[in-house]
> 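Would you mind keeping the following structure in view while I ask a few things?
Below, chains carry the letters A, B, ... as their sequence lines are ordered, and counting in each starts from 1.
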Number of protein chains: 2
Amino acid sequence: MTMPPRIGVDLGGSNFRVAAFAGGDTQLATPIEVHKEPVGEARDPASIVERIASHVERLATPYLGARPVPVGIGLAAMLRDRRGTVANSPHLRWRDVNFGEQLKARLGPHYALGIYNDVNAIAWGEAVAGAARGSQNVLAVFVGTGIGGGVIAEGRLVEGASNCAGEIGHVKVRWDDAAAPCACGSRGCVEAYVGGSYVAARIAKEIAAGASPATVALAGSIDAVTPGHVDEAAANGDEWALALWTELAPLLAVALGNAIALLNSERLVLGGGFLGRAPTLYEQVLLSLAVAAPAASLEPLTVVRAELGDDAGLVGASALAAAGISTIQ
Amino acid sequence: MTMPPRIGVDLGGSNFRVAAFAGGDTQLATPIEVHKEPVGEARDPASIVERIASHVERLATPYLGARPVPVGIGLAAMLRDRRGTVANSPHLRWRDVNFGEQLKARLGPHYALGIYNDVNAIAWGEAVAGAARGSQNVLAVFVGTGIGGGVIAEGRLVEGASNCAGEIGHVKVRWDDAAAPCACGSRGCVEAYVGGSYVAARIAKEIAAGASPATVALAGSIDAVTPGHVDEAAANGDEWALALWTELAPLLAVALGNAIALLNSERLVLGGGFLGRAPTLYEQVLLSLAVAAPAASLEPLTVVRAELGDDAGLVGASALAAAGISTIQ
């Protein structure tokens, strides 16, 4: 019998992706088939369950037989356990939803189903088939609108006691009375300083107050200024842009360095849309990291950019399910 | 044939301990036999190797046969790899010593030898047979003269890429120009604020400058003041002592909370001589931790005091070797 494919699903805030990868070799990063569509408005659990199940069945039915077909779902949600219970997902507007149980019941016994935090799935994808291939100790950090992380230690994905490990965006970099409020309800989280949406808001405010005509000139108009323009202005030596990056880079670097001190990772994978469009900031973070992490922790460390882009979560979720990691019994 | 015992060795800055535990059940915390003596002055690698080997042979010889006898050594040293190469040990005055290879060569093929960082061995001991028995995700932090940590994630000891994971004492809690210098050569490490020897030095200086007659009264004289007296003074409401503990507790709590955010541990084991003798500070750290760690990370977390005391390293090192973890091939 033909080896069944492994199937990955990535359910984010905007996009819904499903992909099939050839079974057997988890290091394959290129799908046989990939389907992408907007998540759309129907986000109730029953609709999502049905939608995933119908795509999965379409891809897997020719292979159904003795072996269960691995299906891994990466979910933009805070999970509560390893049975796919969603504690909270602002993107999906879900709270306390037994998503894993529902999908498992709908799919039936022919599938090995695993539900993963989306960033964990991405981190695992980079670790098995991307920028950290071959490394047993990996920290992957993605700086997009927010900051998320995934940890691989001693070759294992660290999901933690309640499947919410890797929350590096919510490590504290300030804890005085003036620490910035974070959307998580706490204060002083590194995300509240260096997360893309927080940085964009701060830039908009300071530009509106008259900062950096050079940045505005690069953008064309005040309303068009993005963090990318600020990064370009910093590269050009603009004083305001440089000061902003010089303030933010050490905060991210300290969060990274402290994690590295704890984990002694071999690879630090950095990705995410905001950091990807801010090469000057990226370089400053690396410079700050060289001071922020212990020398002994830096010695075996290589910092690499994420490689797999949008496919990382599909690769990782399907590979996790294929390896039987946290699949629902 | 009788199951051979597992042997643990704890080589610290002051004490040299060897213990045999009944083979088979790694959860046993009580040794069959334990030997303790001062490390003494002869600390060159050859002397230490000979001393360990002769104790190990005495305990193991009756059992030598088909099965290798597990021997785990917990070493107060920074290791470089999983073959017992010591990068640096101020206690032993070693630098770049291939200790594992030497001991392996001396013992011969009848032993399964593993060399571990002492704090990792202690953490593993607490995880298999002590305060964190049964937990798969554990952070153990010991606040003595310095601050050391050990991480168990998904049931595995995290040794990291170069066997120096768990360095929570050297996470940064300050990174401005005034950040305190640490003996590690860096600045702003949590150890440089809350490590026992740093706290004691600060107390001595402030007391000498006239602070807190109430603390001096508890101690009897200025020279007799210990952190324990300061803790008692804080419990009594002494303003200076309270202010000091109120300054230090959040620093340790942030280091702990940030680690918990990353690891989503089920148990946080706190131990070490300094924290053990400062119950008021301990309580303040717990209160600060409730703010410093993300709510979702606190939910599954139980904070417990270390249970095994001086035996933890012997228990852990022997159990690691018995489980074949990082034993030298």
> Give, as side chain, backbone, both or neither, the part of B:Ser265 having an atom under 4.5 angstrom from any heavy atom of chain A.
backbone

> May I ask you to list the residues in residues 73-84 of chain B that approach chain A closer than 4.5 angstrom, counting heavy atoms only, ordered by number?
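Within residues 73-84 of chain B, near chain A: B:Met78, B:Arg80, B:Arg82.
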
> To the nearest 0.5 Å, tell me how far A:Leu262 CG sits from B:Asn258 CG.
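With rounding to 0.5 Å, CG (A:Leu262) is 10.0 Å from CG (B:Asn258).
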
> With a 4.5 Å cut-off on heavy-atom pairs, point out which of A:Ala295, A:Ala292, A:Ala153, A:Pro294 contacts chain B the most.
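So the answer, after comparing A:Ala295, A:Ala292, A:Ala153, A:Pro294, is A:Ala292.
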
> Identify which part of B:Ile260 has an atom lying under 4.5 Å from any heavy atom of chain A, answering side chain, backbone, both or neither.
neither

> Between B:Val158 and chain A, with a heavy-atom cut-off of 4.5 Å, which part of the residue counts as in contact: side chain, backbone, both or neither?
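Both parts, backbone and side chain.
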
> Nearest heavy-atom pair of A:Asn137 and B:Gly160: which atoms, and what distance?
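Scanning both residues, the minimum pair turns out to be ND2-C, 3.6 Å.
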
> What is the distance from atom CD1 of B:Ile152 to atom CD of A:Glu154, rounded to the nearest 0.5 Å?
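Here the rounded value is 11.0 Å.
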
> For the candidates B:His170, B:Glu299, B:Arg156, B:Gln136, which exhibits the highest count of non-hydrogen atom pairs separated by less than 4.5 Å from chain A?
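If we count pairs closer than 4.5 Å to chain A, B:Arg156 comes out on top.
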
> Measuring heavy-atom distances to chain A, does B:Val291 have an atom under 4.5 Å in its side chain, in its backbone, in both, or in neither?
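For B:Val291, the backbone is the part near chain A, not the side chain.
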
> By a 4.5 Å heavy-atom criterion (distance strictly below it), what part of B:Asn163 contacts chain A: side chain, backbone, both, or neither?
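Only the backbone of B:Asn163 comes within 4.5 Å of chain A.
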
> Give the intermediate values and the outcome of side-chain contact (heavy atoms from CB on, under 4.5 Å) for residues A:Val171 and B:Val254.
CA-CA 8 Å; A:Val171 306; B:Val254 158; over 6 Å; no

> Of all heavy-atom pairs between A:Ala296 and B:Cys164, which one has the smallest distance, and what is that distance?
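In this case the closest contact between A:Ala296 and B:Cys164 is O-SG, 3.7 Å.
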
> So, for B:Glu159 and A:Asn264, which heavy atoms are closest and what is the spacing to 0.1 Å?
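Answer, listing the atom of B:Glu159 first, then A:Asn264: O-OD1, 3.4 Å.
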
> For chain A, find which of B:Leu301, B:Asn88, B:Leu157 contributes the most heavy-atom pairs closer than 4.5 angstrom.
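Highest number of heavy-atom pairs under 4.5 Å: B:Leu157.
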
